[in-house]
There are 2 protein chains.
Amino acid sequence: MAPNRRKMIVDAATKSFSLFGYKATTMDQVAKLANVGKGTIYTFFKNKEELFEEIMSSLVKEMIAEAEAVLKPELPFTENVHRGLYRILEFRSRHQLMIKLAQEEKEMGTIAVSDMLQHVEDEIIAYLKQKIEAAMAKGAIPKTNPEIISFLLLKMYVALLSDWEKKHEPLSSDEIAEIMKGLLLHS
Amino acid sequence: MAPNRRKMIVDAATKSFSLFGYKATTMDQVAKLANVGKGTIYTFFKNKEELFEEIMSSLVKEMIAEAEAVLKPELPFTENVHRGLYRILEFRSRHQLMIKLAQEEKEMGTIAVSDMLQHVEDEIIAYLKQKIEAAMAKGAIPKTNPEIISFLLLKMYVALLSDWEKKHEPLSSDEIAEIMKGLLLHS
DNA sequence: AATTGACTATAAAACTAATTTAGTCAAAAA
DNA sequence: TTTTTGACTAAATTAGTTTTATAGTCAATT
């Protein structure tokens, strides 16, 4: 077995970030976990932040793949929006690394973490926007500013899935679908 | 002129909270500004937090009065929702005390301030909810869970008025009205 | 040519001393 | 009497200092 050093490093860092957060993960720690000299890390990544970026970039890809997996072309567009967004936010709320980072942002306000979470959100909006533009081109939904609509849809889902839970009983996927349908269908 | 000590205290505290925030306002400072011995403050208010509560309670009343002032019974319900919420959030974003408290929450994370801002939000939602229940009773809008709808409407307006500005050009009242109308009228 | 870990400059944490502050209460004023 | 006051205290916060930990480097090693 030829040890793939790069992969060892990424796996070790992912595990450590998930367990201890970004700030509390040291490069010495990562090197030890990866069975690698610390200097080796710096032959693959310019610095700690770049290693973090690579890991989070994979995570976004994974998230989007999960969303894609639940889409069904034969369903109405709004139903697919619900399925995709629900899946993404559920992923976010169950994934150990995302949980830890959200906690770190709230409790310690680590700048690198805030920036990264903002970036993840931007990527989700960009993904949604692209889907919305396609639907508009097809005439499936009326033409309006797709960036604003994506932004607003994500905020609505975050409100119903995450924020609502802070003071009330959680809402099920069906309840959320029902609320969205009710809202979108009339004034 | 018989000096109304209670009012002097409340005015002084309001001014100091607006200028320096909750944490950085000392009771000695308030006493001095109000031309009153420190002990006098404690004959009217049990402690600093209760003084804060009285001031914020007035502010919420003022906010709701501003919203009421722009409502017109002859307009459709959704138009009035827009007018009221826009007014409340605009008030919030222009009022010195609210600006200072939002800044203090973000930068220092003062617990008493976080709790108070949450409370203000809850009061806005309660106000909206009552309007929505009335509209539902009249048959102006379909019957669904008024608490969730209020919560979601406020989140949507905050997203469009405050959050959007963080990365894009601000949206005008008319643009927001247009977006909401577009969203609410179809899928 | 690839890998390493001792090394360094810097940042964070721990500790301590000094200061500040919310709230009290005995005395003064009304 | 009743109301007002500010010196006082215990607790918390801040400022200053020392110690420790860490990101990133690089000469030596494999």
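Every chain is numbered from 1 and lettered A, B, ... according to where its sequence line falls, protein lines coming before strand lines. Basis for what follows: all heavy atoms, side chains included, without hydrogens, waters or symmetry-related copies.
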Should the ring pair Phe17(A) and Phe52(A) be called parallel, tilted or perpendicular, given that the plane angle runs from 0 to 90° and is split at 30 and 60?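 Rings of Phe17(A) and Phe52(A): perpendicular, over 60°.
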At under 4.0 Å, does any side-chain N or O of Lys23(B) touch on OP1 or OP2 of dA22(C)?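 Answer is no, no contact under 4.0 Å.
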Please check the phosphate of dA2(C) (OP1 and OP2 only) for any side-chain N or O of Arg5(A) closer than 4.0 Å.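 For dA2(C), neither OP1 nor OP2 has a side-chain N or O of Arg5(A) closer than 4.0 Å.
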For the pair made of [atom1] in [X] and [atom2] in [N], what is the distance, rounded to whole Å?
| X | N | atom1 | atom2 | value |
| --- | --- | --- | --- | --- |
| Phe52(A) | dT22(D) | CZ | P | 18 Å |
| Ile9(B) | dT3(D) | CD1 | C1' | 12 Å |
| Asp28(B) | dT19(C) | CG | C1' | 13 Å |
| Met27(A) | dG5(C) | CE | P | 15 Å |
| Leu51(B) | dT21(C) | CG | P | 16 Å |
| Met8(A) | dT3(C) | CE | P | 12 Å |

Would you kindly compare Met108(B) and Asn35(B) by the position of their nearest DNA chain D nucleotide and give the one closer to the 5′ end?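 Taking each residue's closest nucleotide, the earlier one in sequence belongs to Asn35(B).
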Pi-cation contact, Phe77(B) with Lys131(B) (under 6.0 Å, within 45°):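 Lys131(B) over Phe77(B) ring: no.
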Salt-bridge criterion met for Glu79(B) and Arg83(B) (N-O under 4.0 Å):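 Salt bridge between Glu79(B) and Arg83(B), a charged N being under 4.0 Å from a carboxylate O: yes.
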Strand contacts (DNA chain D) in residues 38-49 of chain B, 4.0 angstrom heavy-atom criterion: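 Those residues whose heavy atoms fall under 4.0 Å from DNA chain D, taken from residues 38-49 of chain B in numerical order, are Lys38(B), Gly39(B), Thr40(B).
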Can you list everything that forms a side chain to side chain donor-acceptor pair (under 3.5 Å) with Asp122(A)? Sequence neighbours excluded, please.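 For Asp122(A), the residues satisfying side chain to side chain donor-acceptor pair (under 3.5 Å) (neighbours in sequence not counted) are Gln118(A), Lys167(B).
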May I have all residue pairs that pass side chain to side chain donor-acceptor pair (under 3.5 Å) and include part of residues 88-99 of chain B, sequence neighbours excluded?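 Output for this query is empty, none listed.
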Side chain of Glu104(B), backbone of Tyr22(B): donor and acceptor closer than 3.5 Å?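 Yes.
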